[in-house]
Amino acid sequence: MDIKDVKTQELVKKYNFKFSKSLGQNFLIDDSVLEDIVNGADVNSEDLVIEIGPGVGTLTAQILKKAKRVVSIELDSDLIPILQAELGENQNFQLVHKDALKVDFNEIIGDEKSVKLVANLPYYVTTPIIAKLLNEGYNFKSLTIMIQKEVAERINAEPNCKDYGALSLLVQYYCTTSIVRKVAPSCFIPRPKVESTVIKLEKLEKPAVEVDNEKLFFEVIRASFNMRRKTLWNGVKSISLSKELMEKAFEDAKIDPKRRGETLSIQEFANLSNAINKYMKN
Ligand code: SAM
């Protein structure tokens with residue numbers, strides 16, 4: 001079955017759709033961006049593609065042309081009848097009317113082997129969505145997402161740089177990253193105030209570093225960046241381990257507690273949390 005192109009402006013007019021700022025609704029109107037997202041995600045006929053926030057279905061229609069199946073998750077009730085009317089006839093399209101933050105993605109993924117996430121994300125929930133998609137261990141091959149330019153910079157940041165923090169480490173623990181393209185505000189209606197970046201996160205076969213206790217690893221990272229200006233020692237005080245054992249852990253990991261969190265590489269965070277974990281057990 002031929003899949004119709006969906007033209008954002010035409011549909012917004014046809015259905016007299018009113019944009020909701022609080023739902024992060026900035027819809028794509030530039031064909032080259034749609035093409036670059038689908039090509040960047042390398043969507044092919046074996047893929048189940050999960051899309052978060054289809055809007056009026058502009059990007060969805062392009063993904064449907066290449067994927068085996070598309071499941072789109074949309075929160076806005078006003079968009080559901082529009083999407084059903086425009087794309088509902090496609091046998092390989094399924095719509096889930098839900099908050100993406102409350103979805104158990106395993107229920108959608110089932111036994112599928114080649115699963116890719118593609119989305120022009122609502123910017124107000126970018127970080128919680130990325131955290132959920134990575135921390136809950138879903139079987140995604142890749143996540144190709146449009147996000148605010150500054151968030152992409154935080155994801156890609158290296159130690160000793162102002163953008164480096166918990167988000168950089170979370171993503172770099174699970175994925176390799178590459179920038180697909182930059183996107184100007186003029187590519188959307190309404191125009192967002194910020195610039196955007198399409199970034200591809202490809203899941204690693206196994207995490208970037210060996211960590212004995214992932215919960216503790218991320219706790220150490222959070223604690224280290226909670227007070228950016230303070231030393232590591234000040235940050236990790238919140239972790240319940242005696243002063244003596246904590247000192248031993250720093251010694252074992254060969255890390256000076258006077259350093260600041262932003263100077264530690266992902267390997268050093270792994271070494272420190274593995275050392276703390278050892279003393280927590282004893
Ligand atoms: N994909 C469309 C496009 O590229 O034109 C729309 C992208 S727009 C930036 C974000 C979409 O996410 C909107 O359709 C919005 O209603 C939807 N959305 C907002 N919060 C959501 C949530 N928590 N769960 C699922 N969808 C959400």
Side-chain angles (χ1 to χ4, degrees), residues 6-30 33-34 37 49-63 70-88 93-105 107-108 117-136 138 140 143-155 163 165-167 170-171 180-199 201 222:
V6 167
K7 292 282 173 207
T8 305
Q9 287 110 317
E10 281 172 23
L11 290 190
V12 166
K13 208 165 154 202
K14 177 173 164 192
Y15 292 97
N16 192 23
F17 178 74
K18 301 278 178 269
F19 289 92
S20 153
K21 214 173 167 183
S22 64
L23 284 177
Q25 290 178 341
N26 302 95
F27 294 174
L28 274 168
I29 54 168
D30 186 305
V33 179
L34 299 172
I37 296 175
V49 174
I50 302 182
E51 185 194 23
I52 295 176
V56 288
T58 321
L59 177 58
T60 324
Q62 299 309 312
I63 306 170
V70 179
V71 178
S72 299
I73 303 162
E74 176 57 61
L75 178 60
D76 186 351
S77 317
D78 290 349
L79 287 169
I80 302 301
I82 302 178
L83 287 159
Q84 296 285 21
E86 297 297 322
L87 296 172
F93 173 65
Q94 188 195 335
L95 188 56
V96 175
H97 180 198
K98 243 184 175 170
D99 178 346
L101 285 173
K102 298 191 178 140
V103 170
D104 176 354
F105 285 82
E107 284 177 7
I108 298 175
L117 186 123
V118 180
N120 172 12
L121 285 177
Y123 292 172
Y124 76 104
V125 278
T126 303
T127 309
I129 286 181
I130 294 175
K132 176 182 169 73
L133 294 173
L134 296 180
N135 280 330
E136 292 181 8
Y138 299 119
F140 291 113
L143 293 78
T144 305
I145 48 178
M146 171 113 67
I147 55 180
Q148 200 176 319
K149 180 179 137 221
E150 288 73 15
V151 181
E153 286 166 356
R154 281 167 51 209
I155 286 177
D163 293 324
L167 182 63
L170 168 73
V171 175
V180 175
R181 66 167 285 169
K182 299 198 167 134
V183 184
S186 57
C187 297
F188 303 85
I189 51 164
R191 288 184 184 205
K193 290 202 176 69
V194 294
E195 289 182 61
S196 303
T197 298
V198 180
I199 191 168
L201 316 181
R222 259 195 315 276

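Leu133 and Tyr138 make their closest contact through O-CD1, 3.8 Å (heavy atoms, listed as atom of the first residue, atom of the second, distance). Nearest approach of Leu11 to Val56, heavy atoms of both residues: CD1-O, 3.7 Å. Closest approach of Phe140 to Ile50, counting heavy atoms only: CE2-CD1, 4.0 Å. Listed here is the closest heavy atom pair of Pro192 and Pro185: O-CB, 3.4 Å. Shortest non-hydrogen contact noted between Ala100 and Ile129 is CB-CD1, 4.3 Å. The heavy-atom pair separating Leu170 from Ala131 by the smallest distance is CD2-CA, 3.8 Å.
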Worked verdict on Ser72 versus Phe93 for side-chain contact (heavy atoms from CB on, under 4.5 Å): CA-CA 8 Å; Ser72 299; Phe93 173 65; 3.5 Å; yes

What verdict does the side-chain contact (heavy atoms from CB on, under 4.5 Å) test give for Val70 and Leu87, after you've listed the backbone C-alpha separation in whole Å, the side-chain angles of each residue and the deciding distance to 0.1 Å? CA-CA 11 Å; Val70 179; Leu87 296 172; over 6 Å; no

Passes side-chain contact (heavy atoms from CB on, under 4.5 Å), Phe105 versus Val71? Steps please. CA-CA 10 Å; Phe105 285 82; Val71 178; over 6 Å; no

Evaluate Phe188 against Asp30 for side-chain contact (heavy atoms from CB on, under 4.5 Å), listing each step before the verdict. CA-CA 7 Å; Phe188 303 85; Asp30 186 305; over 6 Å; no

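Between the side chain of Thr8 and the main chain of Leu28, a donor-acceptor pair closer than 3.5 Å is present. A donor-acceptor contact shorter than 3.5 Å links the side chain of His97 to the backbone of Leu75. Formation of a donor-acceptor pair under 3.5 Å by the Gln25 side chain with backbone atoms of Ser20 is found in this model. Under the 3.5 Å distance criterion, the side-chain polar atoms of Asn26 are left unmatched by any main-chain donor or acceptor of Ile189.
Here the CZ atom belonging to Arg154 is positioned 5.0 Å from the CG atom belonging to Leu167, to the nearest 0.5 angstrom. Rounding to the nearest 0.5 Å places CD of Glu74 at 4.5 Å from CG of Leu79. Taken to the nearest 0.5 Å, the CD atom of Glu51 stands 9.5 Å off from the CG atom of Leu95. Rounding to the nearest 0.5 Å gives a distance of 11.0 Å between OG1 of Thr60 and CD of Glu86. In this structure, Ile199 CD1 and Thr197 OG1 are separated by 7.5 Å, a value rounded to the nearest 0.5 Å. Separation of atoms CG (Leu121) and CD1 (Ile52) is listed at 6.0 Å; rounding is to 0.5 Å.
Residues Tyr123 and Ser196 meet the side-chain proximity criterion, which asks for heavy atoms closer than 4.5 Å. At least one side-chain heavy atom of Ile155 sits less than 4.5 Å from a side-chain heavy atom of Ile130. The closest side-chain heavy-atom distance from Val125 to Asp99 is not below 4.5 Å. Side-chain contact between Ile37 and Met146 is present, with at least one heavy-atom pair separated by less than 4.5 Å.
With sequence neighbours excluded, the residues that form a salt bridge (Lys or Arg N to Asp or Glu O under 4.0 Å) with Lys132 are Glu136. Remark: Arg181 pairs with Asp36 by the salt bridge (Lys or Arg N to Asp or Glu O under 4.0 Å) rule, at least two apart or across chains. With sequence neighbours excluded, the residues that form a ring-ring contact (aromatic ring centres under 6.0 Å, His included) with Phe27 are Phe17, Phe19.
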